[in-house]
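Encoded as structure tokens, the structure appears first; notes follow it.
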Amino acid sequence: MWFSTLLPLLAATTLAQYSTAPAALGPDKNGKYEISADGIRGLFIPYGASVSNLFVKGKDGVERDIVLGFDNATAYEGEVHPHLGSVPGRYANRIKNSTFEIDGEEFHILPNEHNGANVLHGGPDGWDYRNFTIVAHTEDSITFSIVDPDGKEGFPGEVVSYITYTMTPDTWHIKIVALATTKKTPIMLTSHLIAQTYWNLDGFANPDDETALNHTLYMPYSGQRVSVDGILIPDGIILPNAKYSVNDFWSAPKHIGANLTAPELLGNCGTNCTGYDTCYIVNRDQNGPFDWRTSGPVASLSSEWSGIKLDIFSDQQAFQMYSCGGQDGTLPIKSTQGADGGSGFVQQYACIVMEVQDFIDAINHPEWMREKEQIFGPGGPAYTMEAEYRFSTTD
Ligand SMILES: *[C@@H]1O[C@H](CO)[C@@H](O)[C@H](O)[C@H]1NC(C)=O
Ligand SMILES: *[C@@H]1O[C@H](CO)[C@@H](O)[C@H](O)[C@H]1NC(C)=O
Ligand SMILES: *[C@@H]1O[C@H](CO)[C@@H](O)[C@H](O)[C@H]1NC(C)=O
Ligand SMILES: *[C@@H]1O[C@H](CO)[C@@H](O)[C@H](O)[C@H]1NC(C)=O
Ligand SMILES: *[C@@H]1O[C@H](CO)[C@@H](O)[C@H](O)[C@H]1NC(C)=O
Ligand SMILES: *[C@@H]1O[C@H](CO)[C@@H](O)[C@H](O)[C@H]1NC(C)=O
């Protein structure tokens, strides 16, 4: 039904590029779907439209699996659910008091964090707990879709979304389109995918250091960040990342762990949390109109040990970074990761989550003026987000 009304739109966008595609390629024995190009290979699953494995080569020519995940598709539905590699939706990150207002009407979303105080990632049955449908799959590209019904988790109106991952040499492309087909509703998506991907550029195989604290991060446009309370809910304040402060990743590249012992880092990711779980603002406007594909990466992450460098390009104006302070050595790595003699588990600070997204909880902060980026309705423009993850090696 929705499909027939949307078909013209889709033909013009997502599906057109697949019209000459070969017949669908099936899943492997672990229930994963592969796409690849020169120098890069990714495995994906319908559950949460998640990336499960991402293989690139380091400076030694060895292929490393640099994202967290599980060995097979069924393992994702277990009790442990850290949103590994998925697309949270329909509204990523937290919603204060699980409440927001559109055109004077108040909406209450099912809470799922902090004993019911707030919503995280679209509610207890958010998109990252659901199976997406594979609508296209070629050797270098896969498209997932989801129909999120009116009223699900408390959100108004139906949302139909298409998520396309494409590989070109050394590059992973992500394109998300979402349409609010019946009512005005908030939409913010990310790839823990891109959005919720947990990175370790050594594939957990560095014998001297299983953590990612010695990964180097550079966010040249992120001189500001969103201030949050003790449970990571924005309080409306935009803070400066003063030069040389713990949140300064803009004035120069810095190890993630460079300021680990600085007193200011305690409480920086919520009450009693040392590290980062922070929404950085991406300020690119001073040079006038820009093309996100060529205006330089919003973030670069590299590891000296593997020599793998990742440059992230995105059309989004915020960037969430989490330094995995909550990991405690109980989550296993995959059989494609680690090294002989390694722990086999994800230790504290052993991963980095980077999410390209918009300002978090902006639906409760109209003064930030993000309405056009976050509220969508029938007849208006579609929600879109694009990002490219480009890999290279350094010495
Ligand atoms: C999937 O992985 C889990 C966790 O590693 C394992 O317990 C399970 O046996 C695997 N299932 C299949 C079908 O391989
Ligand atoms: C939180 O939401 C509840 C309804 O779910 C509402 O009654 C209450 O006033 C809200 N609290 C705040 C501080 O906005
Ligand atoms: C997702 O699909 C798998 C495999 O078909 C199935 O076992 C599982 O129950 C589905 N999960 C949900 C939440 O629909
Ligand atoms: C990590 O970097 C620090 C400097 O920030 C250095 O002292 C340390 O030796 C490095 N650790 C490893 C295992 O390379
Ligand atoms: C954080 O680390 C950087 C790089 O080592 C250093 O220049 C800066 O002074 C440190 N800041 C704090 C607050 O410790
Ligand atoms: C924070 O840590 C202090 C000292 O260990 C403890 O007394 C307090 O209960 C902790 N607060 C929370 C919210 O965990």
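Whatever order the structure lists ligands and atoms in, that order sets their numbers, starting from 1. Just so we're clear, the structure is a prediction, and the values are computed from it rather than from any experiment.
- Between Thr271 and ligand 6, not a single N/O pair is under 3.5 Å apart.
- Only the side chain of Glu77 comes within contact range of ligand 3, with a heavy atom under 4.0 Å; no backbone atom does.
- Looking at Asp235 and Lys96, no side-chain N of the basic residue comes within less than 4.0 Å of a carboxylate O on the acidic one, giving no salt bridge.
- Residue Tyr47 has no N or O atom closer than 3.5 Å to an N or O atom of ligand 3.
- For atom 4 (C) of ligand 1, the closest non-hydrogen atom on the protein side is Ala75 CB, 4.1 Å.
- Looking at Glu386 and Arg293, a side-chain N of the basic residue comes within less than 4.0 Å of a carboxylate O on the acidic one, giving a salt bridge.
- Taking distance alone, with nitrogen or oxygen atoms compared against 3.5 Å, Asn72 approaches ligand 1 more closely than that limit.
- His108 and Thr99 are linked by a side-chain donor-acceptor pair at a separation below 3.5 angstrom, with hydrogens and angles left out of the test.
- Within ligand 3, the atoms closer than 4.0 Å to a non-hydrogen atom of Tyr129 are 13 (C), numbered from 1 in the order shown.
- By the 4.0 Å N-to-carboxylate-O rule, Lys243 lies too far from Asp248 to be salt-bridged with it.
- Here Glu158 does not pair with Lys152 in a salt bridge; the nearest charged N to carboxylate O distance is not below 4.0 Å.
- Among all non-hydrogen protein atoms, the one lying nearest atom 2 (O) of ligand 3 is Asn131 ND2, 2.3 Å.
- Phe391 pairs with exactly one of Asp311, Val56, Thr171 by the side chain to side chain contact (heavy atoms under 4.5 Å, CB included) rule, that one being Val56.
- Closest to atom 11 (N) of ligand 6 among all protein heavy atoms lies Asn272 ND2, 3.0 Å.
- Distance screen at 4.0 Å: atom 14 (O) of ligand 3 has a protein heavy-atom neighbour inside the cut-off.
- Relative orientation of the Tyr165 and Trp172 rings is tilted, given thresholds of 30° and 60° on the angle between their planes.
- Using a 4.0 Å threshold on non-hydrogen atoms, atom 9 (O) of ligand 6 does not count as touching the protein.
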